[in-house]
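Each remark here refers to the structure printed beneath this line.
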Amino acid sequence: MPQTSIAQRKYSEIRKRAFENFINIRLFHFFIESPAIPEPNIDELIKLSVRKELYDLYARCHQMVSSLPVPDYPHIKIGELDKLYKNWYDKNTQHTSALENVFQEQHFFSKEEFIKFYGADEIDRSCTYCKVLESEIKKLAEHGWIKTKRHLTRGRTMELDRKDPFLPYTKDNVALCCYWCNNAKTDEFSIAEFERIGTAIHVIWTERLKKINKLKK
Ligand SMILES: [Zn+2]
């Protein structure tokens with residue numbers, strides 16, 4: 001059996017983040033639209049279907065200072081939202097398993113599915129957009145051609161980009177993508193638009209790799 005420890009670690013990391021988002025966007029929906037229910041229970045959160053535009057608003061609120069009101073929802077300030085989240089988590093952290101089941105069944109890969117998709121440890125994965133290989137990233141890093149300080153924790157292996165960020169994590173909706181493309185693409189660019197940016201990044205990686213190869217000769 002080939003080793004799959006990288007895929008397993010990746011699965012836990014992404015799943016944890018995705019589940020937090022799954023809860024937070026639902027809480028956000030409740031807090032801004034149903035101020036009369038400051039403490040939604042788990043069943044209410046499960047039943048909720050979040051409107052698409054709220055994802056956008058939720059992301060925008062993350063960039064805002066706490067004294068500002070939520071855009072289009074003047075009755076509530078960012079800082080008050082933060083308190084509501086904290087209060088909800090303090091009371092409900094132990095009771096999220098029903099929510100987690102729905103998340104796992106309807107919104108996220110099973111572990112087996114993910115491991116099959118991501119592949120064994122020895123696979124040299126490549127970025128869907130800029131085509132860089134994990135082995136090339138390693139080579140670039142060894143020769144001082146990776147600039148980001150965050151490379152210690154991120155960038156060595158491919159990340160996941162959700163093609164449609166509003167659809168669940170399933171193998172049809174995710175693309176393997178490098179840390180740099182993932183950071184640049186965000187929720188802003190469509191796949192078609194980002195292909196052009198990916199092509200430009202590919203040219204830069206190729207130039208850097210050529211410099212390394214020249215040195216070796
Ligand atoms: Zn890339």
Side-chain angles (χ1 to χ4, degrees), residues 1-29 42 45-46 48 50 52 54-56 58-59 61-63 85 89 92-93 96-138 141 146 148-191 194 197-198 201:
M1 271 292 271
Q3 289 287 312
T4 56
S5 57
I6 300 174
Q8 294 193 41
R9 195 179 60 233
K10 216 62 178 186
Y11 182 79
S12 314
E13 283 169 14
I14 298 168
R15 190 181 179 285
K16 182 171 180 283
R17 224 172 31 232
F19 183 50
E20 280 168 8
N21 269 327
F22 177 82
I23 301 183
N24 287 345
I25 184 74
R26 279 166 177 72
L27 289 174
F28 177 74
H29 183 137
I42 303 284
L45 290 177
I46 289 175
L48 194 69
V50 182
K52 219 171 173 175
L54 284 187
Y55 284 88
D56 226 34
Y58 172 70
C61 287
H62 267 276
Q63 321 274 334
Y85 285 124
Y89 274 104
N92 291 286
T93 303
T96 53
S97 61
L99 208 51
E100 198 161 354
N101 291 341
V102 175
F103 167 75
Q104 182 68 66
E105 278 162 26
Q106 296 170 17
H107 297 264
F108 208 75
F109 304 95
S110 71
K111 195 169 188 175
E112 294 70 35
E113 242 183 329
F114 178 82
I115 289 172
K116 216 165 130 194
F117 169 81
Y118 199 78
D121 291 356
E122 74 249 24
I123 284 178
D124 198 5
R125 286 166 281 265
S126 71
C127 174
T128 305
Y129 305 110
C130 74
K131 313 295 178 211
V132 72
L133 293 164
E134 287 175 354
S135 61
E136 290 173 333
I137 295 172
K138 187 164 178 253
I146 292 292
T148 176
K149 303 278 182 294
R150 298 183 74 182
H151 189 61
L152 292 170
T153 51
R154 281 183 72 184
R156 290 166 205 267
T157 50
M158 289 300 149
E159 306 190 343
L160 293 196
D161 171 50
R162 254 185 305 174
K163 295 178 194 167
D164 182 339
F166 305 107
L167 291 180
Y169 282 87
T170 57
K171 68 177 184 350
D172 299 322
N173 190 40
V174 297
L176 286 180
C177 116
C178 76
Y179 162 74
W180 296 269
C181 285
N182 206 6
N183 250 8
K185 184 168 173 289
T186 58
D187 292 349
E188 183 57 49
F189 302 108
S190 70
I191 305 264
F194 201 79
I197 302 170
I201 296 176

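FYI, side chains are in, hydrogens and waters are out, and symmetry mates aren't considered; it's all heavy atoms of this structure.
- Residues Ile23 and Leu99 are in side-chain contact: their nearest non-hydrogen atoms beyond the backbone lie under 4.5 Å apart.
- Residues meeting the side chain to side chain contact (heavy atoms under 4.5 Å, CB included) test with Arg26, sequence neighbours left out: Phe22, Leu45, Leu48, Val50, His107.
- Residues passing the ring pair (Phe, Tyr, Trp, His ring centres under 6.0 Å) test with Phe28, sequence neighbours excluded: Tyr58.
- The ring pair (Phe, Tyr, Trp, His ring centres under 6.0 Å) search around Phe189 returns none, not counting sequence neighbours.
- For Arg162, there are no salt bridge (charged side-chain N to carboxylate O under 4.0 Å, His left out) partners, not counting sequence neighbours.
- Partners of Ala59 under the side chain to side chain contact (heavy atoms under 4.5 Å, CB included) rule, at least two apart in sequence or in another chain, do not exist in this structure.
- Annotation: the span from His62 atom NE2 to Asn24 atom CG amounts to 6.5 Å, rounded to 0.5 Å.
- With 3.5 Å as the limit, one finds a donor-acceptor pair spanning the side chains of Gln8 and Thr4.
- Among all heavy-atom pairs drawn from Ile146 and Trp180, the shortest one is CG2-CZ2, 3.8 Å.
- Scanning for side chain to side chain contact (heavy atoms under 4.5 Å, CB included) contacts around Leu133 gives Asp124, Ser126, Ser135, Glu136, with sequence neighbours left out.
- Between Ile123 and Tyr118 the shortest side-chain heavy-atom distance does not fall below 4.5 Å.
- The salt bridge (Lys or Arg N to Asp or Glu O under 4.0 Å) analysis of residues 107-119, with sequence neighbours excluded, yields no pairs.
- To the nearest 0.5 Å, atom NZ of residue Lys185 and atom OG of residue Ser190 are 7.5 Å apart.
- Heavy-atom minimum distance, Asp161 versus Cys177: CB-SG, 3.9 Å.
- Annotation: the span from Arg15 atom CZ to Ser110 atom OG amounts to 10.5 Å, rounded to 0.5 Å.
- In terms of the ring pair (Phe, Tyr, Trp, His ring centres under 6.0 Å) criterion, residue partners of Tyr11 (sequence neighbours excluded) are, by chain and number, Phe108, Phe114.
- With sequence neighbours left out, Phe19 forms a ring pair (Phe, Tyr, Trp, His ring centres under 6.0 Å) with Phe103.
- Without hydrogens or angle criteria, Asn173 side chain to Asp164 main chain gives a donor-acceptor distance under 3.5 Å.
- Residues satisfying the side chain to side chain donor-acceptor pair (under 3.5 Å) criterion with Asn182, sequence neighbours excluded, are Glu159.
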Step-by-step side-chain contact (heavy atoms from CB on, under 4.5 Å) determination, Ile201 to Cys181: CA-CA 8 Å; Ile201 296 176; Cys181 285; 3.9 Å; yes
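- Residues Asp121 and Pro2 form no side-chain contact, since every pair of their non-hydrogen atoms from C-beta on lies 4.5 Å or further apart.
- Expressed to the nearest 0.5 Å, how far CZ of Arg156 lies from CD of Glu134 amounts to 11.5 Å.
- Heavy-atom minimum distance, Asn183 versus Thr186: O-CG2, 3.3 Å.
- Side-chain contact between Met158 and Ile6: absent, with no pair of heavy atoms (C-beta onward) separated by less than 4.5 Å.
- Contact detail for Asp172 and Lys163: the closest heavy-atom pair is O-NZ, 3.4 Å.
- In this pair, Tyr129 and Phe194 present their aromatic rings perpendicular. The plane angle is above 60°, beyond the 30 to 60° band.
- Every residue two or more places apart in sequence or in another chain that forms a side chain to side chain contact (heavy atoms under 4.5 Å, CB included) with Gln106 is listed here: Val102.
- Interatomic distance, Ile137 CD1 to Cys178 SG, rounded to the nearest 0.5 Å: 5.5 Å.
- For Glu122, the CD atom is densely surrounded, since the number of other residues' heavy atoms within 6.0 Å is greater than 12.
- Lys16 meets the salt bridge (charged side-chain N to carboxylate O under 4.0 Å, His left out) test with Glu20; sequence neighbours excluded.
- Proximity of Leu176 to Leu160: side-chain heavy atoms (C-beta onward) are separated by under 4.5 Å at one or more points.
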